[in-house]
Novice: 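The structure under discussion is supplied below as structure tokens; questions concerning it will follow.
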Number of protein chains: 2
Amino acid sequence: MTFENQPLRSLNGFRMTGRDVPDTGSVTLVSPSAIGAINRGRVLQALYDNGPTSRADLARMAGVNRTTVTGIVQPMIKEKLLVEGKAGRPAAQGGKPARPLYFNPDAPMLGAVLLLPGSIQTCLVSLTGEISAHRRAVFDPNGDVDAFVATMKETLGKTLSEAKQPPFGIGVAAGGMIDSDNGVIVAVNLAPVLSGLPLVGILRDHFGLQVVIDHHPRALLVGDRWFGPGRGQQNFAAIYTGEVLGGAFYMDGKVYRGLAGSGGELGHTIVQIDGLRCNCGKRGCWETLGTLSWLRAQAAEAGIDDPLDIDCARLVRLAREGSEAAMDLLDRYARNIAIGIANLQQTLSLNAYILHGDAATGGTMIADLVRRHVEDFVMMRPNQEISILVNGKGEGHTALRGAAGLVVSDHLKLVI
Amino acid sequence: MTFENQPLRSLNGFRMTGRDVPDTGSVTLVSPSAIGAINRGRVLQALYDNGPTSRADLARMAGVNRTTVTGIVQPMIKEKLLVEGKAGRPAAQGGKPARPLYFNPDAPMLGAVLLLPGSIQTCLVSLTGEISAHRRAVFDPNGDVDAFVATMKETLGKTLSEAKQPPFGIGVAAGGMIDSDNGVIVAVNLAPVLSGLPLVGILRDHFGLQVVIDHHPRALLVGDRWFGPGRGQQNFAAIYTGEVLGGAFYMDGKVYRGLAGSGGELGHTIVQIDGLRCNCGKRGCWETLGTLSWLRAQAAEAGIDDPLDIDCARLVRLAREGSEAAMDLLDRYARNIAIGIANLQQTLSLNAYILHGDAATGGTMIADLVRRHVEDFVMMRPNQEISILVNGKGEGHTALRGAAGLVVSDHLKLVI
DNA sequence: GCAGTATGTTTGTATCTCGCACAAACTTAT
DNA sequence: ATAAGTTTGTGCGAGATACAAACATACTGC
């Protein structure tokens with residue numbers, strides 16, 4: 001099944017909310033007809049956040065009349081986007097039992113792509129977060145653009161062809177510098193072939209589906225928000241550690257993108273003026289202290305076995321087995337990761353941070369160490385609590401679900 | 001004239017938008033009647049941002065029908081909030097000349113309070129930003145709460161009594177840690193008498209007016225946004241330097257407050273791990289490098305005359321007069337200020353920064369130096385430009401207008 | 001079987017924007 | 001001077017939406 005020239009479908013209603021909103025200089029008035037799409041989006045988000053929920057509960061949560069919720073969900077049930085579950089137990093005082101609503105498992109799915117230097121992963125993601133039709137491919141990071149595009153089209157095409165019905169859209173998570181507004185990959189240090197590639201336009205034209213692209217940490221954030229530990233949260237950040245350091249923020253119920261999607265390049269905030277030389281050419285970037293390269297160099301100095309193969313998971317194992325050198329290094333690693341989080345906390349006060357990548361393999365042990373150092377580094381307010389969580393689902397998993405979540409987020413324009 | 005038990009008036013319509021919106025857990029649906037208040041607010045903001053504007057122009061900017069704008073502004077004209085200006089020149093092709101709308105100079109004003117350790121300033125601010133009925137008073141930072149409250153009531157009462165009609169509300173800008181959600185001063189290091197004081201409740205009950213409080217840098221930000229160089233901008237930060245360092249952000253057309261108004265405590269982000277000891281007890285805070293204390297210590301070392309009286313303005317004068325030591329110190333001062341701005345830029349990518357306080361006294365010279373260092377410290381994108389502006393209006397001026405702007409912002413709940 | 005209670009639906013109402021038609025006011029061409 | 005063209009600002013009905021009131025439904029407890 002292919003989807004060339006399909007009419008664009010929409011998740012939250014019966015009207016496309018694509019690129020049709022010209023930014024006319026900061027003022028935009030709201031029309032009564034726009035209310036429908038907005039409220040449909042909010043109801044869907046409430047369902048995501050809370051799981052199966054009855055109309056009456058939704059109405060209570062939103063502070064609106066039950067009739068309003070009925071009016072919103074009825075067309076969605078008719079469209080087979082939502083299904084009514086079995087009547088639950090009524091309350092102790094009696095009453096008609098509530099019938100919970102949730103997403104139809106047979107509803108259209110979302111296409112997801114994870115694009116890292118040299119590797120492509122594609123899959124389908126259901127509205128409830130299940131992954132299927134997963135495929136991998138490789139490409140030459142220094143090779144030919146046309147060859148890359150052909151590989152991409154073929155791999156994604158095979159994945160999409162396994163869908164029973166046209167997906168709602170395609171989400172792409174990519175490493176490197178992304179201009180998400182214009183759907184262009186600006187530059188990828190380790191894959192020059194991708195630089196300047198208008199991937200969104202290419203895929204949209206080829207598959208006839210809505211396509212959204214964003215950079216990798218932001219996909220992790222969205223994956224956390226829709227399907228992971230960030231579900232239902234209004235303020236948190238996702239932090240990626242590994243060979244590089246990156247991050248993305250969810251603030252006041254909204255993904256922060258900055259101008260042209262350029263916010264969140266945390267790895268190159270400076271935590272040590274005139275410190276170690278960084279790959280970016282500057283000195284003292286957070287990335288010089290919180291990445292695997294630092295960890296491995298330090299492991300060698302500390303005399304830990306196979307220092308080039310060390311990662312957070314093994315370091316935690318060694319520490320648990322009683323190695324003092326490992327414990328010491330782990331603590332210093334945690335401190336280095338904490339410094340950037342602390343600065344972010346001091347700046348935005350999000351209070352919740354989800355670790356991905358290498359640090360996440362260290363589980364609750366590293367999370368606890370990081371939290372303690374963060375609390376040392378920031379000025380805490382009374383009654384304030386900072387939580388550090390790990391999402392150890394494995395990279396591809398969360399990023400792909402996040403890429404799918406990008407499509408969902410794009411449909412549900414929750415902010416006017 | 002006193003205003004006890006006046007009915008609360010509203011700027012953007014005919015319904016109070018005070019504390020009546022319960023946060024029912026992230027979901028809130030929009031009602032058609034809510035649209036009215038929202039759109040009224042947006043039209044008012046467009047008028048603020050663009051100055052006197054005709055209905056037709058407003059409609060074009062907002063992308064709506066002219067009749068819609070008429071429907072919105074007509075009641076405001078009737079209420080004497082807006083006035084119709086003289087008909088301007090028609091377009092070259094002819095046509096009926098447009099009649100620009102703007103705020104009525106005789107509309108109610110805003111009360112503003114600037115509260116710093118030991119000093120109170122109060123004034124009235126018109127909707128167009130003019131200050132009048134300015135008063136000052138002092139209080140003992142370690143004294144008695146009741147004495148402080150009495151002084152505050154008396155000073156503010158005198159200012160308010162000069163208004164011809166009840167103001168829309170009172171805005172308070174305060175140094176220290178503020179819980180703007182609950183209207184409480186959490187703690188002020190240099191004025192223990194204020195700690196824990198529920199000032200909003202006290203003033204609201206006494207004067208019968210809506211009262212809003214926020215911390216000092218955020219008032220500067222709002223002052224910039226409504227009446228200063230940030231007018232019409234959608235993304236920028238205000239940076240205050242002096243004895244302390246602080247900042248506040250305007251992101252996507254909205255003041256960022258963080259949880260309970262705790263965002264933006266930039267002075268204590270760490271730019272030098274294990275660096276100089278800071279007043280807060282930690283090491284390497286930005287505040288150890290970007291404040292007057294640092295500047296004065298360095299001035300002494302550099303052999304500059306009267307090092308304890310040095311400030312940015314004098315340093316710039318000395319540098320202009322040819323002092324190499326002054327020029328060198330100025331550049332290092334600019335670099336230290338730049339480091340925190342660079343980290344903020346790397347994190348949020350706001351691209352525009354307005355300096356206040358000591359640095360602002362250095363004018364365009366320091367602004368240029370800071371900009372150059374910021375550009376060295378961050379990874380620039382293609383076509384990206386960073387601007388550093390100074391608002392040299394003098395502290396009280398911008399902060400007081402910002403305090404007034406807080407009231408305006410609070411009325412115009414532009415985000416649903 | 002009946003009262004009590006909670007859920008979900010139907011019907012009519014209020015609010016708001018939009019498109020259309022039109023008067024008013026001004027410029028340009030004949 | 002007159003007519004045509006253009007732009008502004010204003011009534012009026014249509015369409016979309018949430019809300020309140022009333023009602024049918026389904027369960028508990030006596």
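Chain letters run A, B, ... following the sequence lines, proteins first, then strands; residues in each count from 1.
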Novice: Is it true that K254(A) and D252(B) make a salt bridge, defined as a side-chain N closer than 4.0 Å to a carboxylate O?
Specialist: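 Answer for the salt bridge query: yes.
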
Novice: Between V73(A) and I35(B), which has a closest nucleotide on DNA chain C that is more 5'?
Specialist: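 Looking at the nearest nucleotide for each, V73(A) comes out on the 5' side.
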
Novice: For nucleotides 2-4 of chain C, give me every protein contact, N/O to N/O, under 3.5 Å, one pair per line with atom names.
Specialist:
none

Novice: For the pair made of CD in Q74(A) and C1' in dT10(C), what is the distance, rounded to whole Å?
Specialist: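 Taking atom C1' of dT10(C) as the reference, CD of Q74(A) is at 12 Å.
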
Novice: Applying side chain to side chain donor-acceptor pair (under 3.5 Å), name anything that partners D224(B), two or more places apart in sequence or on another chain.
Specialist: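 Per chain and number, D224(B) pairs via side chain to side chain donor-acceptor pair (under 3.5 Å) with H356(B), N391(B).
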
Novice: List for me each residue that meets salt bridge (Lys or Arg N to Asp or Glu O under 4.0 Å) alongside E130(A), sequence neighbours excluded, and say none if there are none.
Specialist: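 Expected list: none.
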
Novice: Once you round to the nearest 0.5 Å, how far does CG of L44(B) lie from CG of L82(B)?
Specialist: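 Between L44(B) CG and L82(B) CG, I get 6.0 Å after rounding to 0.5 Å.
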
Novice: Run the salt-bridge test on D49(B) and R225(B) with the 4.0 Å N-O cut-off and return the result as yes or no.
Specialist: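 A salt bridge is present here (some side-chain N lies under 4.0 Å from a carboxylate O).
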
Novice: Under 4.0 Å, heavy atoms only, any strand: does V64(A) hit a base, just the sugar-phosphate, or nothing?
Specialist: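 Sugar-phosphate contact only.
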
Novice: So does D214(A) pair up with R257(A), basic N to acidic O under 4.0 Å?
Specialist: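 Salt bridge between D214(A) and R257(A), a charged N being under 4.0 Å from a carboxylate O: yes.
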
Novice: Between C1' on dG8(C) and CD1 on I72(A), what's the gap in Å once rounded to a whole number?
Specialist: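 Those two atoms, CD1 and C1', are 15 Å apart.
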
Novice: Kindly say if N39(A) contacts the phosphate of dT17(D), meaning a side-chain N or O under 4.0 Å from OP1 or OP2.
Specialist: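 Checking N39(A) against dT17(D): no side-chain N or O falls below 4.0 Å of OP1 or OP2.
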
Novice: Name the nucleic acid region contacted by S31(B), choosing base, sugar-phosphate or nothing; use a 4.0 angstrom heavy-atom cut-off, strictly under.
Specialist: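 Answer is sugar-phosphate: S31(B) comes under 4.0 Å of backbone atoms only.
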
Novice: Using atom CG of D57(B) as one end and atom P of dT7(D) as the other, report the distance to the nearest whole Å.
Specialist: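 D57(B) atom CG is separated from dT7(D) atom P by 12 Å.
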
Novice: Which residues pass the ring pair (Phe, Tyr, Trp, His ring centres under 6.0 Å) test with Y102(B), not counting sequence neighbours?
Specialist: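 So Y102(B) forms no ring pair (Phe, Tyr, Trp, His ring centres under 6.0 Å) with any residue.
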
Novice: Output one line per pair: protein atom, nucleotide atom from nucleotides 19-23 of chain C, and distance, for all N/O pairs under 3.5 Å.
Specialist:
from, atom 1, to, atom 2, distance (Å)
dG19(C), N7, N65(B), ND2, 3.3

Novice: Taking only side-chain N and O atoms of R55(B), does any of them lie within less than 4.0 angstrom of OP1 or OP2 on dG9(D)?
Specialist: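 So the side-chain polar atoms of R55(B) do come within 4.0 Å of the phosphate oxygens OP1 or OP2 of dG9(D), strictly under.
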
Novice: Can you tell me if T70(B) touches the phosphate of dT10(D), counting only side-chain N or O atoms and a distance under 4.0 Å to OP1 or OP2?
Specialist: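 Answer yes for this pair, as a side-chain N or O of T70(B) is under 4.0 Å from OP1 or OP2.
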
Novice: Is there a side-chain polar atom (N or O) of R60(B) under 4.0 Å from OP1 or OP2 of dT8(D)?
Specialist: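 Answer yes for this pair, as a side-chain N or O of R60(B) is under 4.0 Å from OP1 or OP2.
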
Novice: Could you tell me the separation between the CD atom of E84(B) and the P atom of dT8(D), rounded to a whole number of Å?
Specialist: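 Going from E84(B) (CD) to dT8(D) (P), I get 14 Å.
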
Novice: Report the distance from atom CG of L58(A) to atom C1' of dT9(C), rounded to the nearest whole Å.
Specialist: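 Going from L58(A) (CG) to dT9(C) (C1'), I get 16 Å.
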
Novice: Going through the checks in order, is the side chain to side chain contact (heavy atoms under 4.5 Å, CB included) test met by R40(B) and M76(B)?
Specialist: CA-CA 9 Å; R40(B) 276 191 292 273; M76(B) 292 176 171; 3.5 Å; yes

Novice: Got a sec, which residues hit side chain to side chain donor-acceptor pair (under 3.5 Å) with T70(B), two or more places apart in sequence or on another chain?
Specialist: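 Side chain to side chain donor-acceptor pair (under 3.5 Å) list for T70(B), sorted by chain: empty.
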
Novice: Do any side-chain nitrogens or oxygens of S54(A) fall under 4.0 Å of OP1 or OP2 in dT7(C)?
Specialist: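 Answer no for this pair, as no side-chain N or O of S54(A) is under 4.0 Å from OP1 or OP2.
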
